[in-house]
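Step one of this worksheet: look at the structure below.
A note on names: the letters A, B, ... follow the listed sequences, proteins ahead of strands, and every chain is numbered from 1.
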Amino acid sequence: MYRRIKGTKDILPGEIYQWQHVEKIISERLERNNYQEIRTPLFEVTELFIRGVGPDTDVVSKEMYTFPDKGNTSLTLRPELTAPVVRAFIQNNLSQISPVTKLYYFGPLFRQERPQKGRLRQFTQFGFEIIGSEHPEADAEVIQTIYDIYKELGINDLSVRINSIGSLDSRNHYLRILKSTLKPHINDFCNTCQERIEKNILRLFDCKVESCQHILDRHAPSILDHLDTEDAQHFEEVKSLLDAAYVPYEVDNKLVRGLDYYTRTTFEITSSLLGAQDAICGGGRYDHLIEDLGGVPTPAVGVASGMERLLMILNESQAIPEKEINLIYMAVLGNNARQVAFNIATTLRSRGLRVELDFLRRSLRAQMRDAGKKQARWVVIIGEDEIHKDKILLKNMTTGEQKEIQLSQAADQIEATII
RNA sequence: GUGGGUGUAGCUCAGGUGGUAGAGCGACAGGUUGUGGCCCUGUUGGCCGCGGGUUCAAGUCCCGUCACUCACCCCA
């Protein structure tokens with residue numbers, strides 16, 4: 001028996017409605033905020049991710065599905081979507097259409113990690129980006145919008161954490177200070193942290209080893225105390241805009257993110273309903289990415305949210321309404337009736353109604369049971385008796401009432417009755 | 001890559017100290033010569049993850065292996 005690949009999922013008919021429901025609310029909401037959808041290929045040249053996300057990040061250095069094509073070009077199944085979207089933005093000169101571009105997307109991503117609760121090798125994200133504004137109102141709109149989408153979906157207990165990791169200059173200045181303050185304590189850190197001090201010191205804050213956090217708490221200066229005037233001003237404005245939009249948040253000066261392109265604002269939203277992987281979305285500002293990928297320098301900010309995790313939360317809190325179907329089930333007895341039924345079904349379907357026909361030539365009793373199981377609201381019964389009388393029966397499955405209808409006007413009468 | 005947990009029917013799970021498998025739900029059919037849900041009856045359905053070992057005898061004990069899952073790491 002063939003099995004699905006580790007870390008992938010089949011979305012079965014019984015759960016597909018949840019996806020459709022959630023996708024609909026999200027895209028309607030984003031369209032209302034005047035974002036436009038963009039779809040990019042599932043794979044890109046490997047270099048794009050190395051350049052965009054950063055060669056030392058975990059995502060790039062150990063989680064990518066990378067393979068050579070027949071021309072020996074190294075390709076990679078996209079592990080994130082910001083770099084591809086930016087690539088498309090640059091390649092298609094979208095900046096020429098308007099100075100500010102608002103894009104949203106939706107699709108599968110691939111990372112070869114060990115699967116666990118809330119973490120798959122193929123997973124789905126939706127996200128959106130505002131490209132072309134350096135101002136705090138863009139940061140605030142992204143955070144406010146994603147927060148509103150969750151609220152609209154019926155999620156309440158979320159916690160929003162925000163931070164600023166500064167622009168490049170002030171961050172580099174801070175990193176020098178951080179490094180020199182921590183150097184004397186280097187032997188007290190865990191092994192990975194000791195490596196990180198040299199390679200990517202900011203990531204120390206991600207470490208979950210208690211003793212490491214202890215040292216940081218006691219000795220590490222806060223990045224927020226080392227922002228330059230403009231960065232600090234920017235961060236203040238983001239916060240007051242969030243206040244103005246009634247978005248609750250807390251400042252977390254240890255929130256750094258695992259992708260190298262972030263500048264200034266970073267944020268994350270978590271839910272207690274998830275497992276150890278509790279982030280439902282993450283994002284921030286990336287003012288140098290477009291330039292790094294070969295475009296003209298353009299500031300931008302965006303967010304990406306995990307669909308599977310979102311659905312976990314929604315199921316946990318039973319926030320997805322039942323699917324409503326208005327099914328007409330045609331119960332048929334005998335060969336003559338079958339043709340008549342097929343004809344009526346075709347007409348009803350062409351008028352936009354949902355119609356099911358029995359394919360097993362079963363007894364009426366079995367067909368009725370089937371109709372009940374499928375939650376049909378109406379059953380049309382056509383048998384030899386009805387054919388002889390030029391009539392059909394229409395039964396209301398909710399009330400149990402049924403009435404005879406003239407065969408010649410069957411479709412019209414059915415349509416009129418059930419709407 | 002490292003650790004823990006779990007693999008028995010389509011699904012959820014029982015199966016003290018070894019004696020070649022059970023329940024509930026589901027599916028199908030009948031109880032009603034042409035009427036669903038509730039109820040009753042019956043039928044269907046299992047290389048007990050796989051391989052090896054111990055034993056007269058292994059779902060049960062031992063070894064190995066694979067899969068799933070949770071956690072670390074990292075992130076959505």
Side-chain angles (χ1 to χ4, degrees), chain A residues 1-9 12 14 53 56-64 78-82 106-127 146 190-193 195-196 200 203 205-209 255-259 266-271 274-283 302-313 327 329 331-334 337 358 360 362-387 393-402:
Chain A
M1 182 173 68
Y2 293 107
R3 307 181 53 84
R4 78 183 84 88
I5 305 283
K6 185 199 286 285
T8 63
K9 247 185 72 182
L12 300 174
V53 181
D56 294 331
T57 59
D58 284 14
V59 168
V60 168
S61 64
K62 46 192 199 198
E63 296 171 4
M64 295 204 299
R78 61 190 191 189
E80 61 100 54
L81 259 163
T82 302
F106 209 103
L109 306 180
F110 307 85
R111 293 182 197 172
Q112 190 160 186
E113 303 177 81
R114 194 73 159 254
Q116 69 184 73
K117 187 173 185 182
R119 192 171 70 187
L120 295 162
R121 288 185 170 182
Q122 178 180 331
F123 61 102
T124 312
Q125 285 187 348
F126 74 93
I146 190 75
C190 70
N191 289 339
T192 34
C193 281
E195 277 175 39
R196 281 171 176 160
N200 195 343
R203 298 292 306 288
F205 292 111
D206 270 344
C207 186
K208 280 170 186 160
V209 177
L255 176 68
V256 295
R257 301 191 47 78
L259 310 178
T266 60
F267 67 93
E268 198 169 283
I269 299 180
T270 56
S271 164
L274 295 169
Q277 311 302 318
D278 62 354
I280 183 177
C281 76
V303 61
S305 173
M307 277 297 290
E308 288 82 1
R309 291 184 189 179
L310 177 55
L311 285 164
M312 281 169 64
I313 295 174
L327 175 65
Y329 189 102
V332 184
L333 290 166
D358 171 65
L360 295 176
R362 292 185 281 189
S363 69
L364 182 59
R365 172 189 171 86
Q367 293 186 63
M368 290 304 293
R369 277 191 173 159
D370 195 32
K373 197 170 65 193
K374 293 191 162 103
Q375 298 184 320
R377 292 211 190 141
W378 302 89
V379 173
V380 174
I381 300 169
I382 308 177
E384 299 298 334
D385 293 356
E386 284 74 25
I387 299 291
L393 283 174
L394 178 61
K395 173 161 181 161
N396 181 329
M397 292 293 272
T398 314
T399 63
E401 291 164 9
Q402 59 186 39

Look at the side chain of [X] and decide which nucleotide, out of [options], has an atom nearest to it.
| X | options | value |
| --- | --- | --- |
| A/Lys62 | B/A29, B/U35, B/C73 | B/C73 |
| A/Met368 | B/U35, B/G30, B/G3 | B/U35 |
| A/Ala276 | B/A71, B/A27, B/G36 | B/A71 |
| A/Arg114 | B/C72, B/G30, B/C28 | B/C72 |
| A/Lys6 | B/A29, B/U35, B/C68 | B/C68 |

Supply the atom-to-atom distance [X] [atom1] to [Y] [atom2], rounded to the nearest 0.5 angstrom.
| X | Y | atom1 | atom2 | result |
| --- | --- | --- | --- | --- |
| A/Leu120 | A/Arg309 | CG | CZ | 9.0 Å |
| A/Leu364 | A/Leu333 | CG | CG | 5.0 Å |
| A/Thr8 | A/Phe110 | OG1 | CZ | 10.0 Å |

Practice prompt. Anything below 3.5 Å on both distances counts as a pair; with that, list the stems of at least three consecutive Watson-Crick or G-U pairs involving RNA chain B.
Written response: B:1-7 with B:66-72, B:10-13 with B:22-25, B:27-31 with B:39-43, B:49-53 with B:61-65

Provide the distance between the two [atom1] atoms, one in [N] and one in [M], to the nearest whole Å.
| N | M | atom1 | value |
| --- | --- | --- | --- |
| B/G37 | B/C28 | P | 12 Å |
| B/G4 | B/A9 | C1' | 29 Å |
| B/G46 | B/C11 | P | 12 Å |
| B/G22 | B/G59 | P | 14 Å |
| B/A67 | B/G51 | P | 16 Å |
| B/U32 | B/G19 | C1' | 47 Å |
| B/U35 | B/U41 | P | 22 Å |
| B/G26 | B/G64 | C1' | 37 Å |

Side-chain touch [X]/[Y], heavy atoms, less than 4.5 angstrom:
| X | Y | value |
| --- | --- | --- |
| A/Arg369 | A/Arg362 | no |
| A/Ser363 | A/Met368 | no |
| A/Ile313 | A/Leu274 | yes |

Contact class for [X] (heavy atom, under 4.0 Å): base, sugar-phosphate, or nothing?
| X | value |
| --- | --- |
| A/Glu63 | sugar-phosphate |
| A/Ile381 | base |
| A/Glu268 | nothing |
| A/Leu109 | nothing |
| A/Ala304 | sugar-phosphate |
| A/Gly127 | nothing |
| A/Arg3 | sugar-phosphate |
| A/Asp370 | nothing |

OP1 or OP2 of [N] under 4.0 Å from side-chain N/O of [X]:
| X | N | value |
| --- | --- | --- |
| A/Lys374 | B/G37 | no |
| A/Gln277 | B/C72 | yes |
| A/Arg111 | B/C75 | no |

Discussion item. With a sphere of 6.0 Å drawn around CD of A/Glu384, does it hold more than 12 non-hydrogen atoms of other residues, nucleotides or ligands?
Written reply: yes

Item to complete: Verify the neighbour count for atom CG of A/Leu360: are there more than 12 heavy atoms of other residues, nucleotides or ligands below 6.0 Å?
Response: yes

Worksheet item: Hey, is A/Glu308 close enough to A/Lys9 for a salt bridge, meaning N to O under 4.0 Å?
Response: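 No salt bridge links A/Glu308 with A/Lys9.
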
Rounded off to whole Å, could you give me the [atom1]-to-[atom2] distance for the [X] and [N] pair?
| X | N | atom1 | atom2 | result |
| --- | --- | --- | --- | --- |
| A/Leu364 | B/G34 | CG | C1' | 5 Å |
| A/Glu80 | B/C75 | CD | C1' | 12 Å |
| A/Gln116 | B/G5 | CD | C1' | 14 Å |
| A/Arg377 | B/G37 | CZ | P | 20 Å |
| A/Asp56 | B/C75 | CG | P | 13 Å |
| A/Lys117 | B/C75 | NZ | P | 21 Å |
| A/Lys395 | B/G34 | NZ | P | 15 Å |
| A/Arg119 | B/U69 | CZ | P | 12 Å |

Worksheet item: Which pair of non-hydrogen atoms, one from A/Met64 and one from A/Val59, has the smallest distance, and what is that distance?
Response: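 It is CG-O, 3.2 Å.
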
Worksheet entry | Quiz item: A/Glu113 side-chain donor-acceptor pair to B/G1 base, under 3.5 Å | no

Fill in: hbond_proxy A/Gln367 side chain to B/U35 base (donor-acceptor, 3.5 Å cutoff)
no

Practice prompt. Using the closest heavy atom to pick a nucleotide of RNA chain B for each, name whichever of A/Ala366 or A/Gln402 lands nearer the 5' end.
Written response: A/Ala366

